[in-house]
Amino acid sequence: MVIDSGATAWVLASTALVMIMTPGVGLFYGGLVRKKNVINMFALSFLAFALVSIQWVIFGYSLAFGQDVGGFIGNLSNAGLSLIGMGPAVVAGTEYPIPGLLYVMFQLVFATVALAIVTSGLAERAKLSGFILLALLWTTLVYDPLAHWVWGGGWSAALGSIDFAGGTVVHISSGFAALAIALVIGKRAGFGEHSIEPGNIPMVLLGAALLWFGWFGFNSGSAIAANGLASSALLVTNTAAASGALVWMVVSWMHGGKPSSLGIVSGAIAGLVAITPAAGYVTPISSIIIGGVAGALCYTIMLFRIRKGLDESLDAWAVHGMGGLWGAIATGIFAYSAVGGKDGLIHGNVQQFIANCAGAFAAVIYAFVVTLILALIIHKTIGLRVSEDEEYVGLDLSQHGERV
Amino acid sequence: MVIDSGATAWVLASTALVMIMTPGVGLFYGGLVRKKNVINMFALSFLAFALVSIQWVIFGYSLAFGQDVGGFIGNLSNAGLSLIGMGPAVVAGTEYPIPGLLYVMFQLVFATVALAIVTSGLAERAKLSGFILLALLWTTLVYDPLAHWVWGGGWSAALGSIDFAGGTVVHISSGFAALAIALVIGKRAGFGEHSIEPGNIPMVLLGAALLWFGWFGFNSGSAIAANGLASSALLVTNTAAASGALVWMVVSWMHGGKPSSLGIVSGAIAGLVAITPAAGYVTPISSIIIGGVAGALCYTIMLFRIRKGLDESLDAWAVHGMGGLWGAIATGIFAYSAVGGKDGLIHGNVQQFIANCAGAFAAVIYAFVVTLILALIIHKTIGLRVSEDEEYVGLDLSQHGERV
Amino acid sequence: MVIDSGATAWVLASTALVMIMTPGVGLFYGGLVRKKNVINMFALSFLAFALVSIQWVIFGYSLAFGQDVGGFIGNLSNAGLSLIGMGPAVVAGTEYPIPGLLYVMFQLVFATVALAIVTSGLAERAKLSGFILLALLWTTLVYDPLAHWVWGGGWSAALGSIDFAGGTVVHISSGFAALAIALVIGKRAGFGEHSIEPGNIPMVLLGAALLWFGWFGFNSGSAIAANGLASSALLVTNTAAASGALVWMVVSWMHGGKPSSLGIVSGAIAGLVAITPAAGYVTPISSIIIGGVAGALCYTIMLFRIRKGLDESLDAWAVHGMGGLWGAIATGIFAYSAVGGKDGLIHGNVQQFIANCAGAFAAVIYAFVVTLILALIIHKTIGLRVSEDEEYVGLDLSQHGERV
Amino acid sequence: MKLIKAIIKPERFEKVKKSLEDNNIFGMTVTEVKGRGDQKGITLQYRGGTMVVDLIPKIEIDIVVTDSESDKVVNLICEAARTGKIGDGRIFVLPVERSIKVRTGEELI
Amino acid sequence: MKLIKAIIKPERFEKVKKSLEDNNIFGMTVTEVKGRGDQKGITLQYRGGTMVVDLIPKIEIDIVVTDSESDKVVNLICEAARTGKIGDGRIFVLPVERSIKVRTGEELI
Amino acid sequence: MKLIKAIIKPERFEKVKKSLEDNNIFGMTVTEVKGRGDQKGITLQYRGGTMVVDLIPKIEIDIVVTDSESDKVVNLICEAARTGKIGDGRIFVLPVERSIKVRTGEELI
Ligand SMILES: Nc1ncnc2c1ncn2[C@@H]1O[C@H](COP(=O)(O)OP(=O)(O)O)[C@@H](O)[C@H]1O
Ligand SMILES: Nc1ncnc2c1ncn2[C@@H]1O[C@H](COP(=O)(O)OP(=O)(O)O)[C@@H](O)[C@H]1O
Ligand SMILES: Nc1ncnc2c1ncn2[C@@H]1O[C@H](COP(=O)(O)OP(=O)(O)O)[C@@H](O)[C@H]1O
């Protein structure tokens with residue numbers, strides 16, 4: 001296969017689009033926390049981006065996409081990006097019409113945003129040094145293997161499970177990781193006692209806008225081509241987002257509340273998450289359903305979380321974790337061979353449904369358990385949470401010496 | 001015609017660029033209103049985006065681009081995007097080198113931003129339920145027919161009127177719609193009595209930056225190709241924006257005021273609006289004139305509006321409506337066949353000038369009258385404006401239960 | 001050579017990406033100044049964009065890329081973009097697979113961001129009329145010749161000096177210009193007496209995010225192709241940024257301070273600056289070194305500047321000027337022919353090292369001296385600095401009649 | 001001397017300032033506050049029930065004047081700030097024992 | 001009349017407001033302030049040394065009440081605002097000479 | 001007890017705080033305000049005419065001290081805040097009747 005300059009152009013642009021999602025998460029999360037923690041929340045995303053950018057080049061890419069070791073992980077054959085060049089990318093036996101280095105870079109921005117999402121579970125109480133250690137371990141021991149399972153020639157793909165743009169790899173992994181961390185480090189001081197209000201809602205909305213924008217590259221760029229499939233992925237991505245936004249708004253409105261702007265954008269993110277694994281496999285009409293169900297589901301799970309007094313603070317679990325789980329299952333249900341060559345349950349292919357459920361639940365368990373162990377170890381050693389006084393004063397001042 | 005991956009790459013990227021314009025409008029408008037209405041103003045743009053995203057897929061696209069019915073509207077042949085696929089787009093008899101689904105999606109983001117612009121006329125007093133109904137009716141009964149007239153094989157194109165990227169379809173329609181709505185629902189409480197100052201100017205500037213950025217996709221992407229025409233459209237777009245910004249600044253400065261940052265960015269938007277229909281037809285030097293005149297003209301019209309005590313609050317009419325009208329006329333004047341195959345008045349083609357004026361004025365009347373009727377009906381039934389108390393408290397709290 | 005639609009698509013997209021860098025600088029700088037000057041700082045970037053956009057079309061492009069006059073500057077053969085069309089760009093004898101007008105436009109956005117960076121030296125005290133005059137003179141007499149030297153067929157390229165994406169042309173020129181201006185106009189009132197704190201750190205972070213994002217187009221788009229080289233440039237750009245961010249953070253942390261978010265993003269910018277000239281010539285591993293050294297170096301120079309009581313207020317000199325100088329030298333050191341066809345010092349090519357040093361130091365001197373003279377003349381005539389009262393009240397009110 | 005603490009509607013602030021200027025009262029310190037009076041805020045109806053917005057943004061103007069000017073200033077503010085609708089505000093008068101000008105250190109009386 | 005100036009922890013504001021409402025005290029003016037008490041703020045340790053955060057965000061509630069209600073209000077606030085940890089705040093009581101309702105111009109006593 | 005209300009230039013706040021600390025005065029409440037004095041703000045010239053910027057940002061420091069400390073504190077602030085240029089600020093002293101520590105409920109005197 002030769003390099004196609006159009007495909008390359010679109011994946012280059014998509015890489016930029018996905019890149020902006022990490023600061024998008026920073027804005028989204030930064031606006032959701034109290035004023036005293038805005039800078040920290042935003043900075044954690046930057047830090048996630050920088051850390052993974054280096055780790056990925058040195059060995060992360062190789063762990064995910066290097067030669068398969070037992071279906072579980074890649075070896076270090078591509079460490080330091082050795083053997084990767086300007087010629088066409090070859091990944092797990094498949095050749096793509098874009099340069100190998102571009103494939104590396106496109107995958108890099110996925111790994112960064114996954115880590116950024118995880119920061120939800122540490123919101124307003126993360127100890128900087130502990131976070132840095134956790135970040136490096138998490139991306140290495142959780143993200144890289146999961147990426148390998150699904151895209152790098154691992155067991156999940158072998159099983160037949162499909163994940164177009166990373167519903168399992170990025171969203172299930174990060175969402176359940178956030179939950180595990182939140183359980184380990186405990187609630188924020190005052191959580192459940194007095195109301196903890198978002199400090200800057202317009203910032204959240206801006207973050208959501210950048211996420212929606214970047215997601216076009218995330219899902220459509222995952223076609224690794226500038227063609228009909230990329231176009232179809234773009235369209236269903238947008239439709240699912242819109243559907244999620246409207247359904248969350250309506251459900252929360254009917255539920256006796258007001259239709260908050262946070263609800264609208266949370267619903268959009270839920271829809272985007274859910275369509276991620278399905279983007280290359282489903283029709284526009286299916287995407288309306290997938291996004292809409294995600295809106296209602298994630299809203300319900302968020303209420304459940306709050307009712308349970310669980311302080312997974314910014315709902316990475318409810319939206320990314322559970323939304324991603326629904327997406328993986330939905331892909332198994334709605335996949336249609338006329339779109340992406342695979343049929344799902346409604347087109348009579350039970351096999352696909354089972355494979356997708358298996359892949360997704362395995363990821364849930366793996367991400368949750370390994371993150372739990374990592375978080376526990378760090379929490380008990382160098383510490384993953386700031387002191388009570390530092391938390392009270394706020395992380396901006398106590399961790400960065402800065403204030404809004 | 002086969003699909004060209006380079007063209008597809010650019011239209012995919014352009015779709016993302018145009019998408020960010022809707023939150024761009026949200027930021028621009030959100031920053032212009034008082035602090036108590038920032039979230040609402042931003043949320044209306046999100047809502048506009050979500051509503052049109054669904055409507056377009058279900059029947060909006062078909063009304064605009066489906067089989068022509070009497071030159072006025074499309075039929076429902078493409079409802080639910082049926083018959084649209086991954087093969088080359090065929091629109092009103094012309095084949096394009098990009099997938100059909102991508103054409104749908106590219107047009108979708110135009111429809112959304114048009115509706116977002118309309119929210120200017122409802123600023124700081126929109127009742128949420130009324131807005132949602134108006135939004136659906138407006139995009140269906142005003143935007144879709146207009147898009148059909150110009151691009152979908154309707155009477156306006158048949159007449160020979162040209163509109164490269166939507167000066168008439170997007171800007172005249174939304175600007176005059178905003179005016180009609182403002183007339184129906186009346187002034188904001190206190191308008192004309194005490195000063196109503198913008199709540200967050202940096203937010204406006206950021207919104208303007210995103211609009212300028214997105215407009216590159218809006219105008220250049222409308223070439224539906226990655227070629228010389230797309231490049232030329234990009235260049236003239238930028239030049240007109242710069243010219244509009246500088247002229248508005250200088251004129252308002254000489255007018256005895258200070259050169260406000262809001263003036264600079266309003267001038268840029270005016271220039272961008274005016275060049276929109278002309279982007280594929282005029283030279284760089286013409287674009288300096290078109291943008292510059294737009295800057296001076298829209299500034300004058302804004303002053304006129306204020307003098308008349310007309311509360312079309314965020315000047316969609318002055319900038320988009322009148323700027324779009326000027327752009328349509330200017331296209332008839334400055335079009336040059338060496339650029340886009342059409343000559344205008346200055347190259348001796350009176351016909352083009354007349355056709356463009358006819359197309360533009362018809363759009364003005366259609367958009368204004370139909371919107372007036374729709375707004376009146378909704379205003380008299382479920383209501384398009386919040387209660388006095390809700391307005392006083394602010395829409396963020398009263399409509400969304402949120403505050404900045 | 002024929003136009004390649006994929007290359008064109010990527011350069012179109014890159015133009016949009018680079019365009020957003022100018023408002024990115026506006027946000028970055030706007031957030032760093034005190035609340036009373038935020039709007040002004042942001043507006044200066046807009047103004048820079050608009051002024052250069054017009055100047056470039058009328059004669060700036062021609063000065064930089066028109067027919068060579070003595071190795072120093074271009075003549076006016078391309079004034080008003082005459083002779084530039086939709087066919088393939090031919091620049092200094094080389095033909096590119098993109099339209100001529102697109103090359104013009106891509107270069108335009110480089111010229112605008114350079115001027116925006118210069119505003120650092122005028123922060124919180126720029127007189128608007130003086131700035132406008134300086135801007136026009138600077139872009140004409142400093143930027144255009146420098147662009148000609150390096151890319152337009154001037155002496156620097158003839159010497160063999162290489163600058164992939166503008167380390168010398170954009171960053172050295174603007175950084176040293178900012179220093180010269182700061183020396184001419186003097187310190188801000190109160191500088192060194194009481195602390196002058198950044199007014200809006202999240203805004204700085206957002207600006208940094210947009211810069212990082214846009215830089216993908218800046219460096220990768222400079223390949224003027226959608227191929228392996230563009231991909232490689234993208235990857236090393238990102239790696240250098242990440243490395244710079246982490247090193248600045250760690251160095252400042254160990255230095256007894258707290259790891260500030262401003263440090264993280266300043267380091268990222270330093271890394272981006274330093275990799276700019278090298279982006280098409282070095283390996284990923286080299287980019288980690290180049291970026292990391294930039295992080296440590298620019299941090300040290302910033303401390304030096306502060307210690308010396310030098311009010312080059314927002315560190316364009318430390319980060320862009322000195323970072324750019326390091327980048328130019330580093331390109332001479334790390335260039336590797338397997339990447340971009342040129343070897344540097346570590347691959348035994350002393351010649352390249354010398355040529356790059358010569359080119360960079362000549363640019364340092366030229367930019368510094370000419371800017372000094374221009375600034376002096378304007379400062380002594382119409383004035384480049386506001387009155388004491390205007391400064392005290394803040395530029396937002398005094399120059400624009402607006403407030404945050 | 002007296003400290004006059006007036007809490008008024010933001011939209012009336014310009015008018016109050018103008019009225020004071022016209023009467024040669026310039027010195028003032030202004031703070032953005034929120035408040036509610038005895039009507040307990042504003043009650044809004046919506047589908048899901050009612051909602052009380054109890055803390056409404058207000059402007060607080062603090063003015064220190066001589067005892068003899070005090071009543072005049074109170075009246076001026078009262079008239080300029082009055083819209084006749086609820087939420088018009090309150091004015092409190094507190095005794096001030098000393099007033100010092102920092103620049104000169106002089107004691108004003 | 002008295003002006004009760006209570007400076008409390010922001011996280012206790014809702015509770016204080018509730019407690020006052022329950023006792024039919026509605027009128028209040030609220031300001032966001034920063035402050036420190038005699039403990040000089042909070043001292044944080046970090047690698048490079050220590051850092052004192054001395055100005056902590058607080059909420060100031062100003063309430064004007066009749067002399068007779070004054071003690072009750074002080075006690076209510078005190079109880080609702082108390083967490084027992086440092087930084088709980090202070091309440092100051094100042095004499096008020098006049099209180100005027102802007103809407104009606106009437107003098108309250 | 002006295003309430004010392006000092007309205008000073010923001011750029012002098014650190015110096016004032018330092019000076020008070022050096023004299024063992026720690027408790028204070030700080031508010032961001034805007035104000036103008038008798039010079040009616042600052043007049044700027046520009047092409048189109050003149051412009052008066054009348055409300056300039058200031059910092060208000062409220063300190064409650066015992067009667068005996070009052071004069072010392074006033075003097076300390078006065079000295080640290082003085083730049084000698086207009087807009088240096090004002091200090092007002094008001095009587096305080098009670099001062100209560102919320103944490104303990106104890107009455108300070
Ligand atoms: N008892 C009080 N103590 C302190 N502030 C008060 C009191 N009553 C009213 N205020 C302030 O005055 C503002 C206006 O009072 P309000 O009662 O709404 O006016 P009116 O009674 O004229 O309608 C309130 O928002 C609050 O800030
Ligand atoms: N002497 C004072 N003058 C003015 N305000 C004070 C004074 N002492 C305390 N405050 C205010 O009260 C707040 C809480 O005081 P603090 O001393 O921390 O409470 P506590 O002594 O109960 O721990 C401070 O943040 C400050 O705003
Ligand atoms: N009469 C007054 N009442 C209330 N505040 C005042 C009064 N006069 C001055 N101030 C406050 O003091 C600040 C500084 O006063 P100013 O007159 O500018 O100082 P100076 O007279 O020393 O030049 C003002 O901004 C305002 O906040």
Side-chain angles (χ1 to χ4, degrees), chain E residues 1-9 12-13 15-16 19 29-43 52-62 65 67 70-97, chain F residues 1-8 10-35 57-67 69-70 73 76-77 80 91-109:
Chain E
M1 304 200 97
K2 304 292 175 201
L3 166 61
I4 297 169
K5 228 180 178 38
I7 297 141
I8 62 168
K9 287 186 169 162
R12 278 303 166 105
F13 175 62
K15 199 172 164 195
V16 169
S19 156
T29 299
V30 176
T31 316
E32 291 180 15
V33 300
K34 294 189 173 184
R36 70 172 176 198
D38 300 328
Q39 339 67 236
K40 315 161 196 179
I42 296 177
T43 304
V52 181
V53 180
D54 52 4
L55 293 171
I56 313 272
K58 301 276 169 187
I59 293 285
E60 178 179 315
I61 311 176
D62 284 4
V65 292
D67 293 6
S70 163
D71 288 359
K72 184 183 82 175
V73 171
V74 167
N75 289 339
L76 284 172
I77 296 177
C78 234
E79 274 158 38
R82 184 176 303 143
T83 67
K85 305 223 191 81
I86 58 169
D88 266 0
R90 292 286 198 98
I91 303 174
F92 305 119
V93 180
L94 282 79
V96 171
E97 295 178 353
Chain F
M1 305 201 98
K2 305 292 176 202
L3 166 61
I4 298 171
K5 228 181 177 39
I7 297 142
I8 63 167
E11 56 267 36
R12 278 301 166 108
F13 175 62
E14 284 302 325
K15 200 171 163 193
V16 169
K17 184 151 70 85
K18 182 77 179 45
S19 157
L20 292 169
E21 274 165 23
D22 291 346
N23 286 275
N24 269 311
I25 307 288
F26 292 99
M28 59 169 67
T29 300
V30 176
T31 317
E32 291 180 16
V33 300
K34 294 189 173 184
K58 302 276 169 189
I59 293 286
E60 178 178 314
I61 311 176
D62 285 4
I63 305 179
V64 173
V65 291
T66 55
D67 294 6
E69 282 178 316
S70 163
V73 170
L76 284 171
I77 297 177
I91 302 174
F92 305 119
V93 180
L94 283 77
V96 171
E97 293 178 355
R98 296 178 62 194
S99 167
I100 300 104
K101 217 179 161 90
V102 171
R103 176 157 47 100
T104 54
E106 92 192 89
E107 185 101 23
L108 305 170
I109 15 152

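By convention in this document, chain letters (A, B, ...) are assigned in the order of the sequence lines, proteins followed by strands, and residues within each chain are numbered from 1.
- Taken to the nearest 0.5 Å, the CZ atom of E/Phe92 stands 6.0 Å off from the OG1 atom of F/Thr29.
- One finds the CG atom of E/Asp54 at 3.5 Å from the NZ atom of F/Lys17 (value rounded to the nearest 0.5 Å).
- With a 4.5 Å cut-off on side-chain heavy atoms, E/Asp38 and F/Lys101 count as touching.
- Contacts between E/Lys85 and chain F at a heavy-atom distance below 4.5 Å involve the backbone alone (N, CA, C, O).
- Annotation: residues 57-65 of chain F contacts chain E through F/Asp62, F/Val64 [non-hydrogen atoms, separation under 4.5 Å].
- Shortest non-hydrogen contact noted between F/Val102 and E/Cys78 is CG1-O, 3.7 Å.
- If you measure heavy-atom distances from E/Leu3 to chain F, you find no contacts under 4.5 Å at all.
- Separation of atoms CE (F/Met28) and CG (E/Leu55) is listed at 7.0 Å; rounding is to 0.5 Å.
- Put simply, CD on F/Glu32 and CD on E/Glu32 are 9.5 Å apart, with the number rounded to the nearest 0.5 Å.
- The NZ atom of F/Lys2 sits 10.5 Å away from atom CG of E/Leu94, with the distance rounded to the nearest 0.5 Å.
- In this structure, chain F has no heavy atom under 4.5 Å from any part of E/Asn75.
- Counting only distance, with no hydrogens or angles, the side chain of E/Arg82 and the backbone of F/Arg103 share a donor-acceptor pair below 3.5 Å.
- For the set F/Thr104, F/Val96, F/Ile25, the entry with the most heavy-atom pairs within less than 4.5 Å of chain E is F/Val96.
- Across E/Arg36 and F/Phe26, no two heavy atoms sit closer than the pair NE-O, 2.7 Å.
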